[in-house]
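I'd like to ask you about the structure that follows.
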Amino acid sequence: MRVYIVLPEVFGLNAWVRSVADRLAAQGYPALAVPLFSRTAPDLELAYDASDLAEGRRHKDATTSEQIVADVAAAVSWFRARYPQAAIHVVGFCFGGHAAFLAATLPGVEHAFDFYGAGVSRMRPGGGEPSLALLPEIKARLTCVFGMADPLIPQEDREAIGAALSKVDPAGHRLRVVEYAGADHGFMCEARSAFNPQASAQGWRLLLAGDPVA
C-alpha cells in the first residue's frame with residue numbers, strides 16, 4: 001500500500017493543493033496535505049496573483065528547514081499509526097518541492113517527489129548550507145522534476161542538482177532528475193497561467209506509476 005504526504009506551494013493549502021490530495025485519494029491512495037506555514041498563517045489559502053504571491057513569500061521566508069522536517073515527521077507518524085505497512089511517499093510543488101527534498105532525509109519516507117523546488121542548490125530555508133548538501137543523508141528514493149523553461153530553476157541549477165544526484169547514484173535507480181522541455185514553473189497546476197497539460201500529464205504518471213516517459 002502507498003500513501004502520500006502533499007506539501008504546498010507558497011500559496012498554502014488552497015483549492016489546487018487540496019485537489020491534488022483528492023485526486024490521489026480518488027486513485028485509492030490516502031493523502032494528507034500539510035500546512036507548512038501553520039506557525040505564521042494557520043489558514044493560509046492564497047490565489048495565484050502578485051499580491052498573494054508576495055504574502056506567501058513572507059510566510060515562506062519565516063519557515064525553517066527544521067520546522068519543515070518536524071512537520072513532515074509528524075505526518076509520517078500520523079500515517080504510520082493508521083497504515084503501519086504503507087510506503088510513505090512525499091510530493092511537493094514549488095516551495096513544497098524544496099520541502100519534499102528536505103523530507104527525503106527522514107527515515108520513514110520511501111519516495112520523495114520534488115516538483116520544481118527552486119533554490120535546492122543555492123540555499124536552505126532558515127539558513128545554512130544549500131539543501132543539496134544534505135544529499136548524503138537521503139536514503140529514500142528521490143525524484144526531482146523540473147521544467148526546462150522555468151526561470152526560477154535555470155539550467156545551471158538543474159545541472160548542479162543532476163550532477164550531485166548522479167555522483168551518489170550513477171545508475172539513477174534511487175536518485176534522479178526528470179526534465180520536461182518547454183515546461184515553465186508551476187506547470188502541474190491547472191489554476192496557474194504556466195499550466196502545461198502535456199507536462200502535467202507526464203508528471204502525474206511519474207507520481208503515480210514511477211514512469212517518466214509514458
Side-chain angles (χ1 to χ4, degrees), residues 3-79 82 88-104 106 109 112-120 123-126 131 145-147 150-153 183-197 199-201 203-204 207-208:
V3 299
Y4 287 87
I5 296 169
V6 181
L7 305 180
E9 307 156 304
V10 298
F11 304 98
L13 295 191
N14 61 12
W16 182 73
V17 171
R18 296 196 303 272
S19 79
V20 170
D22 288 343
R23 183 168 174 176
L24 290 166
Q27 295 286 328
Y29 304 115
L32 177 67
V34 176
L36 294 177
F37 313 118
S38 61
R39 293 167 183 81
T40 57
D43 302 313
L44 189 67
E45 182 174 347
L46 300 174
Y48 296 97
D49 59 38
S51 61
D52 279 14
L53 174 61
E55 181 180 352
R57 283 177 169 168
R58 286 196 295 272
H59 295 293
K60 177 199 77 170
D61 291 342
T63 302
T64 69
S65 57
E66 291 80 10
Q67 291 169 341
I68 291 166
V69 171
D71 287 349
V72 178
V76 168
S77 296
W78 188 90
F79 265 134
R82 289 157 179 80
I88 297 176
H89 290 207
V90 178
V91 56
F93 307 89
C94 185
F95 182 69
H98 194 146
F101 187 100
L102 296 170
L106 288 168
V109 173
F113 293 86
D114 165 6
F115 278 86
Y116 38 85
V120 169
M123 55 79 72
R124 186 181 305 184
S131 298
V145 189
F146 303 127
D150 185 346
L152 298 182
I153 313 173
D184 200 344
H185 192 77
F187 68 82
M188 289 288 286
C189 179
E190 296 87 346
R192 301 182 71 157
S193 59
F195 175 61
N196 184 311
S200 176
W204 271 102
L207 179 60
L208 291 172

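The figures that follow rest on heavy atoms only: side chains count, while hydrogens, waters and symmetry mates do not.
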Self-check item: Heavy-atom pair of closest approach, residues F187 and G147
Solution: CE2-N, 3.9 Å
Quiz item: Sequence neighbours excluded, which residues qualify as salt bridge (charged side-chain N to carboxylate O under 4.0 Å, His left out) partners of R82?
Solution: none
Practice problem: Could you check whether the rings of H98 and F95 sit parallel, tilted or perpendicular, using 30° and 60° as the cut-offs? | Solution: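 Tilted, since the angle between the ring planes falls between 30° and 60°.
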Quiz prompt | Evaluation steps, side-chain contact (heavy atoms from CB on, under 4.5 Å), between H89 and Y29 | solution = CA-CA 10 Å; H89 290 207; Y29 304 115; over 6 Å; no
Practice problem: Please report the closest heavy-atom contact between A103 and V109, naming both atoms and the distance. | Solution: O-CG2, 3.5 Å
Quiz item: Quick one: does L208's side chain get under 4.5 Å of L24's, heavy atoms only?
Solution: yes
Please output the side-chain donor-acceptor pairs of residues 52-62 that fall under 3.5 Å, not counting sequence neighbours, one pair per line with the distance.
unit_1 : atom_1 : unit_2 : atom_2 : d
D52    : OD2    : A47    : N      : 2.6
H59    : ND1    : T40    : OG1    : 2.8

Quiz item: How long is the span from the CG atom in L32 to the CZ atom in F79, to the nearest 0.5 Å?
Solution: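 Going from CG on L32 over to CZ on F79, the span is 5.0 Å.
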Quiz item: Heavy atoms, side chains only, cut-off 4.5 Å: are D184 and P151 in contact?
Solution: yes
Quiz prompt | Test item: Y116 and L152 side chains (from C-beta on) under 4.5 Å apart, heavy atoms | solution = no
Quiz item: Under the ring pair (Phe, Tyr, Trp, His ring centres under 6.0 Å) test, which residues partner F146, sequence neighbours left out?
Solution: none
Quiz item: What's the shortest heavy-atom distance between G28 and P30, and which atoms?
Solution: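 That closest heavy-atom pairing would be O-CD, 3.6 Å.
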Self-check item: Under the side chain to side chain donor-acceptor pair (under 3.5 Å) test, residues paired with N196 that sit two or more places apart
Solution: none
Quiz item: Between N14 and L46, is there a donor-acceptor pair closer than 3.5 Å when you use the side chain of the first and the backbone of the second?
Solution: yes
Exercise. Taking D22 for its side chain and A25 for its backbone only, find out whether a donor-acceptor pair lies under 3.5 Å.
Key: no
Exercise. Grab the two heavy atoms, one from L36 and one from A99, that are nearest each other, plus how far apart they are.
Key: CD1-CB, 3.8 Å
Quiz item: Which atom names give the shortest non-hydrogen contact between S131 and L102, and what distance separates them?
Solution: OG-CD2, 3.5 Å
Exercise. Please report the closest heavy-atom contact between M188 and A199, naming both atoms and the distance.
Key: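 Result for this residue pair: SD-O, 4.3 Å.
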Quiz item: Short question: side chain of S19, backbone of W16 - any donor-acceptor pair under 3.5 Å?
Solution: yes
Just distance, no hydrogens or angles: give the donor-acceptor pairs under 3.5 Å from side chains in residues 3-13, sequence neighbours left out.
unit_1 : atom_1 : unit_2 : atom_2 : d
Y4     : OH     : R2     : NH1    : 2.7
Y4     : OH     : L207   : O      : 2.9
E9     : OE1    : Y48    : OH     : 2.6
E9     : OE2    : R192   : NH1    : 2.9

Quiz item: Which residues pass the side chain to side chain donor-acceptor pair (under 3.5 Å) test with S193, sequence neighbours left out?
Solution: none
